Amino acid sequence: QQTPAYIEATSLMPGWSNVNFVFATVSVYTHFNGLFILPILAAASQYLTTMLTPQPQQPTAEGQPNTGNFMKWFFPLFTLYICYNYNASFALYWVAANVIAAAETFVINKFFDNKEKQEKVLGDKEAL
C-alpha cells in the first residue's frame, strides 16, 4: 500500500513529466533528491580524477581526433546523468570511489616525481 506522501514525492512535475533527448528520456519529479548536490559532487570528483590521471604522450596524427580531451568532459557529464537518474547511494558510492582514486593518484604522482628528482640529482653528481 502506497501512502499519500510517497505518491506525492514520486509524482512527476506537471508539464515537465518527461524531457526527451536523443538517447534518453529524463523524468522531472516534484521532489528532487538532495538539491542535486550528490550528482554534482560525483561529476566534480570524476573531473578531478580525470585531471589527475596522467595522459599518455602519444602524438595524434593530423585529422585524428584527440579522444583524451573528449573523455575529459564526457565522463563527468555521463556521471552527472547516471547519478541524477539513480538513487543517492549510487552517487555517494561514486563520490567516495572518485575521491579515493584521486588521492591514490596524487600520492603515486608525488612519489614518482620525487623519485625522478632524486635520480636527476644523482645523475648530475655522477656527471661531475
Side-chain angles (χ1 to χ4, degrees):
Q1 185 73 336
Q2 295 178 349
T3 64
Y6 177 78
I7 293 171
E8 180 187 354
T10 59
S11 64
L12 296 173
M13 188 174 287
W16 289 86
S17 60
N18 289 317
V19 180
N20 292 319
F21 293 105
V22 176
F23 296 106
T25 301
V26 176
S27 299
V28 181
Y29 295 97
T30 55
H31 296 281
F32 43 87
N33 184 7
L35 298 175
F36 209 55
I37 292 171
L38 279 175
I40 289 174
L41 282 175
S45 64
Q46 181 70 45
Y47 181 76
L48 175 69
T49 304
T50 304
M51 293 306 293
L52 285 175
T53 304
Q55 301 296 322
Q57 300 295 328
Q58 297 175 351
T60 57
E62 198 161 318
Q64 183 180 5
N66 186 357
T67 57
N69 195 26
F70 171 75
M71 291 300 180
K72 177 174 61 175
W73 295 105
F74 174 75
F75 280 133
L77 292 175
F78 181 69
T79 302
L80 181 71
Y81 172 75
I82 292 294
C83 290
Y84 172 73
N85 285 321
Y86 291 99
N87 61 17
S89 63
F90 186 69
L92 187 61
Y93 160 76
W94 207 309
V95 169
N98 283 333
V99 167
I100 291 169
E104 286 178 344
T105 303
F106 181 76
V107 169
I108 290 170
N109 287 344
K110 281 291 194 185
F111 173 77
F112 283 114
D113 287 345
N114 288 338
K115 189 174 180 180
E116 287 176 4
K117 285 179 186 177
Q118 289 175 353
E119 288 175 357
K120 184 178 179 185
V121 168
L122 289 175
D124 290 343
K125 286 182 181 179
E126 289 177 2
L128 293 176

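Just so we're clear, the structure is a prediction, and the values are computed from it rather than from any experiment.
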Handout entry: Partners passing ring-ring contact (aromatic ring centres under 6.0 Å, His included) against Phe74 (at least two apart in sequence or in another chain)
Key =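 Phe74 satisfies ring-ring contact (aromatic ring centres under 6.0 Å, His included) with Phe70, Phe78 only.
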Exercise for the section: If you link ILVMFWY side chains whenever their heavy atoms are less than 4.5 Å apart, which other residues fall into the same cluster as Phe111? By chain and number, please. Expected result: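 Members alongside Phe111: Ile108, Phe112.
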Exercise for the section: Each residue besides Leu77 in its hydrophobic cluster should be listed here, by chain and number; the cluster joins Ile, Leu, Val, Met, Phe, Trp and Tyr at side-chain heavy-atom distances under 4.5 Å. Expected result: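 Result for Leu77 is none, singleton.
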Handout entry: Hydrophobic cluster membership, Ile100 vs Met51, 4.5 Å side-chain cutoff
Key =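 No, Ile100 does not connect to Met51 through the hydrophobic network.
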Handout entry: Hphob cluster co-occupancy, Leu48 + Trp94, side-chain heavy atoms under 4.5 angstrom
Key =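 No, separate clusters.
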Exercise for the section: To the nearest 0.5 Å, tell me how far Phe75 CZ sits from Tyr47 OH. Expected result: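 These two atoms lie 14.5 Å from each other.
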Handout entry: Partners meeting side chain to side chain contact (heavy atoms under 4.5 Å, CB included) with Leu80 (sequence neighbours left out)
Key =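 Partners of Leu80 by the side chain to side chain contact (heavy atoms under 4.5 Å, CB included) criterion, ordered by chain and then number, come out as Phe36, Pro39, Ile40, Ala43.
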Practice task
Output all residues satisfying side chain to side chain contact (heavy atoms under 4.5 Å, CB included) with Ala91, sequence neighbours left out; order by chain, then residue number.
Solution key: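 By the side chain to side chain contact (heavy atoms under 4.5 Å, CB included) rule, Ala91 matches Leu38, Cys83.
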Handout entry: Non-hydrogen atoms of Leu52 and Ala102 that approach each other most closely
Key =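 Looking at all heavy atoms of both residues, the closest pair is CD1-O, 3.6 Å.
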Exercise for the section: Identify the heavy atoms of Thr53 and Thr49 that sit nearest to each other, and give their distance. Expected result: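 So the minimum-distance heavy-atom pair works out to OG1-O, 2.7 Å.
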Exercise for the section: Would you list the pairs meeting side-chain hydrogen bond (donor to acceptor under 3.5 Å, both in side chains) in which at least one residue belongs to residues 97-119, sequence neighbours left out? Expected result: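 Only Ser45-Asn98, Gln46-Asn98 qualify under side-chain hydrogen bond (donor to acceptor under 3.5 Å, both in side chains).
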